[in-house]
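The structure appears below as structure tokens.
Basis for what follows: all heavy atoms, side chains included, without hydrogens, waters or symmetry-related copies. In what follows, every chain begins at residue 1, and chains take the letters A, B, ... in the order their sequences are listed.
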Amino acid sequence: MTDLVKDSIRRIIYESLVKVFPESYSIEDRSFEREIEVSRSKDPRFGDYATNIALILSKIHSLKPRELAERLLGCMPQDSNIVQEFEIAGPGFINFKMSFNFWIEALNSIHSRKKMYGSFEPIGKPRILIEFVSANPTGPLHVGHGRGAAVGDSLARLLRNRGYTVETEYYVNDAGNQMKILGMSLLLRYWELIGKSIDFPGDHYQGGYIVDMARELIGTPLGEQLETLPQKEALPLASNYASRKILEGIQEDLRVFGVSFDRYFSEKCLYAEDAVKIALDELRRRGKLEDREGAIWFKMAGGEDEKDRVLVRASGEPTYFAADIAYHKNKFDRGYENLVDIWGSDHHGYVPRVKAGMEALGYEPDQIRVMLVQFVNLIRDGKKISMSTRSGEFVTLRDVLDEVGTDAARFFFLTKRSDSHLDFDLDLAKRQSRDNPVYYVQYVHARIAGIFRIAKERNVDVDISGPDLSALDLPEEKEIMKRLGDFPDMLAEAADTMEPHRITFYLLELSELFHAYYHDNKVLTEDDRIRKTRLYLVEAVRQVIENGLTILGVTAPDRM
RNA sequence: GCGCCCGUAGCUCAGUUGGAUAGAGCAACGGACUUCUAAUCCGUAGGUCACAGGUUCGAGCCCUGUCGGGCGUGCCA
């Protein structure tokens, strides 16, 4: 069983196509059915849904679009309980006006499936691994990471809801050069605190959190070691300690943000398992490597990114690129059929490289999908807050969460397409009014919960079983029902396009319909019949709001 | 220089994979609380979809060029 409205319409269209052109389409092979384009009509004069199928197929069947539409229409089921009215319009669109019963069924489906309304049968394959955040454990998460976290976590929930098997992973860059720099930064700050004169290089981590960490070490056994051991031995101790401490802080921030990962994957482990070496050997076997100027290069044959790239430096140290090839190989070898990487858009130049690397190893590059998330500007008092990582003066994700709360932050990060810049207005995120989309949507939920609460206080009957749905005759009630019925389609499309922001827009539109309805119509009326029916409708709205917010990782409060 | 993303109302952004007369919110102006929460609602106004060509039944969306903004183009990550 499906709650997809568009699928019901596609089926009708396809069956009509089979009748009109039995030589071209068959009931057995329905692969074309899924490709039929059905869209929701913007203008009520064009019915509820429309298809352009006659315009698309007119050439193939050498018929004029309207003529083709006529033929199709002649074969559509006229007695359907689904569609009340068919109509040909404009250059050859076929418009569908759904029957009232159809919307009633959608409404009933919400009540029978409750939290499961809008979720799909598990289909298992493909197994998807979503990698996101993956911030280096060299400093606290900043707001940009927060956006990646919100997008990645919601996307995981969305794809799971779609029926896929989804796992999430955070790649921890705990190896390589920046770990040395981190350790050295801590070491230098420690020495500085105990009175040694130091020279703190400009390319080391300037942030105050390093100094704080150093201060905490004074008087501890580790502190003593940093002081007495030769630098060569002290440095790895400092690196390990700093990265572990910082990662713990990151995990705590993510916990507050409501984001959890199935796995933290350590880059160090790749080296421990010789995975980098194995990947390099495999590349060499396939003739993709070249030794030049003391380094080992990856031969980028053609493609968009044609420059050869270094995998192993002249110093013998592998680059980040080498580790990333090994990491992605590892992901595929663990059995995932689809890899989703969510990166900051400043890494976009890196996409063709990773894909080329995986292709060279014999994997299918199209099974890697990279989602690029643009930067976030923080706005306060209408002005941008400058964020420079170098000086360490950036506003951390935690600062923002402490100020505006998790719900507002998560919702805000998902109010824009992820590939466009986001202005995060701190004052707006805290405002408790219409301007603030989070509250606008949550308020719907609280209001409906409030109706039931009040009803119980007044000993009003809140049993909503067996409502007389013919009482739902107001135009705005029908609008709400239609929008509720559209929820599963919206979720399917958001998942298929990997665009979680569609959910926020849907919820805002539904909220708008509800607030207007609530304002003009009393739910707890004296009339038993109307009251019961409206409670039935309104409870369905509450459920859909809850289900949508859950996928965004935002709470649905009963009271505000 | 080359590559990627973006350019839609004064501001912030949607636009259902090429569909019908381009939509919201904010800001501006004018209204609505004795009511199930005014954290709400109703109304007015606002456009050469950066610009110029092209593709076709049809373009905000696709192609080419120009202008403007962001990012990338390391033996950094």
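Using a 4.0 Å cutoff on non-hydrogen atoms, the parts of residues 421-429 of chain A near RNA chain B are A:H421, A:D423, ordered by number. Residues of residues 537-544 of chain A having a heavy atom closer than 4.0 Å to RNA chain B: none are found.
Under the side chain to side chain contact (heavy atoms under 4.5 Å, CB included) criterion, A:K482 pairs with A:D48, A:W103, A:E479, not counting sequence neighbours. Applying the ring-ring contact (aromatic ring centres under 6.0 Å, His included) rule to A:Y320 yields the partners A:Y350; only residues at least two apart in sequence or on another chain are considered.
Residue A:R313 has a polar side-chain atom (N or O) positioned under 4.0 Å from OP1 or OP2 of B:C76. Checking the phosphate oxygens (OP1, OP2) of B:A77, no side-chain nitrogen or oxygen of A:Y327 falls inside 4.0 Å. Contact check, A:R292 against B:C75: no side-chain N or O comes under 4.0 Å of OP1 or OP2. Phosphate contact (OP1/OP2 of B:A14, side-chain N/O of A:S420, threshold under 4.0 Å): present. Regarding contacts with the backbone of B:C36, a side-chain N or O of A:R458 is found under 4.0 angstrom from either OP1 or OP2. When the side-chain nitrogen and oxygen atoms of A:K59 are compared with OP1 and OP2 of B:U56, none of them lie within a distance under 4.0 Å.
Straight-line distance between the P atoms of B:C13 and B:A20: roughly 25 Å, to the nearest whole Å.
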How does RNA chain B look in dot-bracket form if you count Watson-Crick and G-U pairs under 3.5 Å, write [ ] for pairs that cross, and put | where a base pairs with another strand?
-> (((((.(..((((.....[...)))).(((((.......))))).....(((((..]....)))))).)))))....

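Remark on RNA chain B: of its neighbouring residues A:D496 and A:S418, the 5'-side contact belongs to A:S418, judged by nearest-heavy-atom nucleotide. When the nearest nucleotides of RNA chain B are assigned to A:W297 and A:S41 by heavy-atom distance, the more 5′-ward of the two goes with A:S41.
For the pair A:N177 CG and B:A77 P, the interatomic distance rounds to 7 Å; values are reported in whole Å. A:E493 places its CD atom 10 Å from the C1' atom of B:U17, with the value rounded to the nearest Å. Across the protein-nucleic acid pair, A:D419 atom CG and B:G69 atom P stand 21 Å apart, rounded to whole Å.
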How does protein reach along nucleotides 23-32 of chain B, written 5' to 3' as B (base within reach of a heavy atom under 4.0 Å), S (only sugar-phosphate), or - (no contact)?
-> -SSS-----B

